[in-house]
Amino acid sequence: MASEGLAGALADVLGGRGPRVLSCDSVPAEEPVTPVRLRKNVCYVVLAVFLNDQDEVLLIQEAKRECRGSWYLPAGRMEPGETIVEALQREVKEEAGLQCEPLTMLSVEERGPSWVRFVFLARPTGGILKTSKDADAESLQAGWYPRTSLPTPLRAHDILHLVELAAQYCRQAQHPPILPQELPCNVVCQRLVTTFTSVQTVWVLVGTVGIPHLPITACGFTPMEQRGGMKVAILRLLQECLTLHHLAVETKGLLGLQHLGKDHVDGICLNVLVTVAFRNPGTQSEPPKIRGENFFWWKVAEEDLQSQLLHRLQESSVIPVNR
């Protein structure tokens with residue numbers, strides 16, 4: 001891929017899209033990379049935050065025995081064969097009685113690659129709010145409550161941060177609206193936009209095996225990768241081409257993700273923005289030296305792309321990824 005092709009691929013990823021994953025540049029040494037399957041080796045959860053014009057939050061009252069009567073945001077596990085958006089819409093309909101439209105992802109939470117939760121800001125588009133007369137195994141009822149005075153008891157307090165994240169986004173969007181791109185993927189992996197900046201110049205790490213491309217690292221399911229989370233796969237790839245002990249590596253956040261969920265293909269690809277910098281920069285104005293021949297630093301010459309990257313980096317204009 002010439003620089004024009006790389007520029008097009010980078011523009012797609014910055015726009016929340018990207019090419020289909022066909023292979024990975026880095027894989028765990030301890031285990032073969034095998035296709036992932038919901039209910040077998042991965043669990044995906046969807047969660048929706050709704051805020052209305054009165055600054056009220058949509059909550060549902062839990063029906064499950066272990067948390068019956070407590071309140072939470074509409075959420076639940078994805079089922080095989082669903083897209084992420086289909087799962088979100090099903091859960092909201094089952095628990096709150098409403099049809100909905102997701103507006104953007106707000107965050108992605110992970111406990112290693114085997115458990116991932118996708119958090120959305122959404123708006124209702126129809127349906128009838130579930131009341132206590134409609135109580136079933138999914139929920140007892142749903143209701144709108146002031147954001148600053150939520151009902152108690154809450155099932156868990158982790159939703160408080162998510163509600164505030166949604167309110168902040170509604171006041172001033174930190175990143176553009178981003179929704180999952182429906183593309184199949186067999187594994188849990190990350191496409192890296194790894195950047196090095198100097199003054200107003202940006203370099204991006206590129207893989208050279210086959211056509212030059214933004215490198216992809218497969219997430220492993222060993223105990224170490226589960227404990228360390230998805231950042232382990234990022235560091236593994238960077239260790240294969242850089243000497244990291246004198247570098248600071250930071251995962252800024254998500255630019256987009258790919259998933260389809262059809263035909264028993266349950267993998268996801270997260271497009272992740274990463275920065276590499278010298279711990280003691282001094283007069284260093286060039287990116288760190290690459291080891292081997294499988295990667296190189298591409299100097300982004302297109303002014304628009306360079307401007308977009310610098311904005312995303314300086315303003316943290318990405319979806320946060322949390323553990």
task: Indicate yes or no for a side-chain donor-acceptor contact from Arg191 to the backbone of Pro19 under 3.5 Å, with no hydrogens or angles considered.
output: yes
- prompt: Hey, what's the ring geometry for Tyr145 with Trp71, parallel, tilted or perpendicular (30° and 60° as the breaks)?
  reply: perpendicular
- request: Using the six-membered ring wherever Trp is involved, compare the ring planes of His246 and Phe278 and label them parallel, tilted or perpendicular (cut-offs 30° and 60°).
  value: tilted
field: Lys130/Glu138 ion pair, N-O < 4.0 Å
entry: no
- request: Decide yes or no for Gln89 and Gln99: does some side-chain heavy atom of the first lie under 4.5 Å from some side-chain heavy atom of the second?
  value: no
Lys262 atom NZ, over 12 foreign heavy atoms within 6.0 Å: yes
query: Should we say atom NZ of Lys252 is surrounded by more than 12 heavy atoms from elsewhere, each under 6.0 Å from it?
result: yes
field: Heavy atoms from other residues, nucleotides or ligands near CZ of Arg77 exceed 12 (cutoff 6.0 Å)
entry: no
field: Side-chain touch Val33/Cys189, heavy atoms, less than 4.5 angstrom
entry: no
query: Do Glu30 and Thr222 have side-chain N/O donor and acceptor atoms under 3.5 Å apart?
result: no
message: Counting only heavy atoms not in Lys299 (residues, nucleotides, ligands), do more than 12 fall under 6.0 Å from its NZ?
response: no
query: Is it the case that more than 12 heavy atoms not belonging to Arg68 sit under 6.0 Å from its CZ atom?
result: no
- request: May I ask you to check whether Thr131 and Asp134 show a side-chain donor-acceptor distance below 3.5 Å?
  value: yes
message: Side chains of Arg17 and Gln258, heavy atoms from C-beta outward: is any pair under 4.5 Å?
response: no
task: Please identify each residue that fulfils side chain to side chain contact (heavy atoms under 4.5 Å, CB included) with Glu91, with sequence neighbours left out.
output: Val46, Glu94, Glu95
message: For Glu293, give me all partners under side chain to side chain contact (heavy atoms under 4.5 Å, CB included), at least two apart in sequence or on another chain.
response: none
- prompt: Do Pro28 and Phe221 have side chains that get closer than 4.5 Å, going by heavy atoms?
  reply: no
query: Within a reach of under 6.0 Å around CD of Glu303, are more than 12 heavy atoms found that belong to other residues, nucleotides or ligands?
result: no
query: Side chains of Asp158 and Tyr72: closer than 4.5 Å at any heavy-atom pair?
result: yes
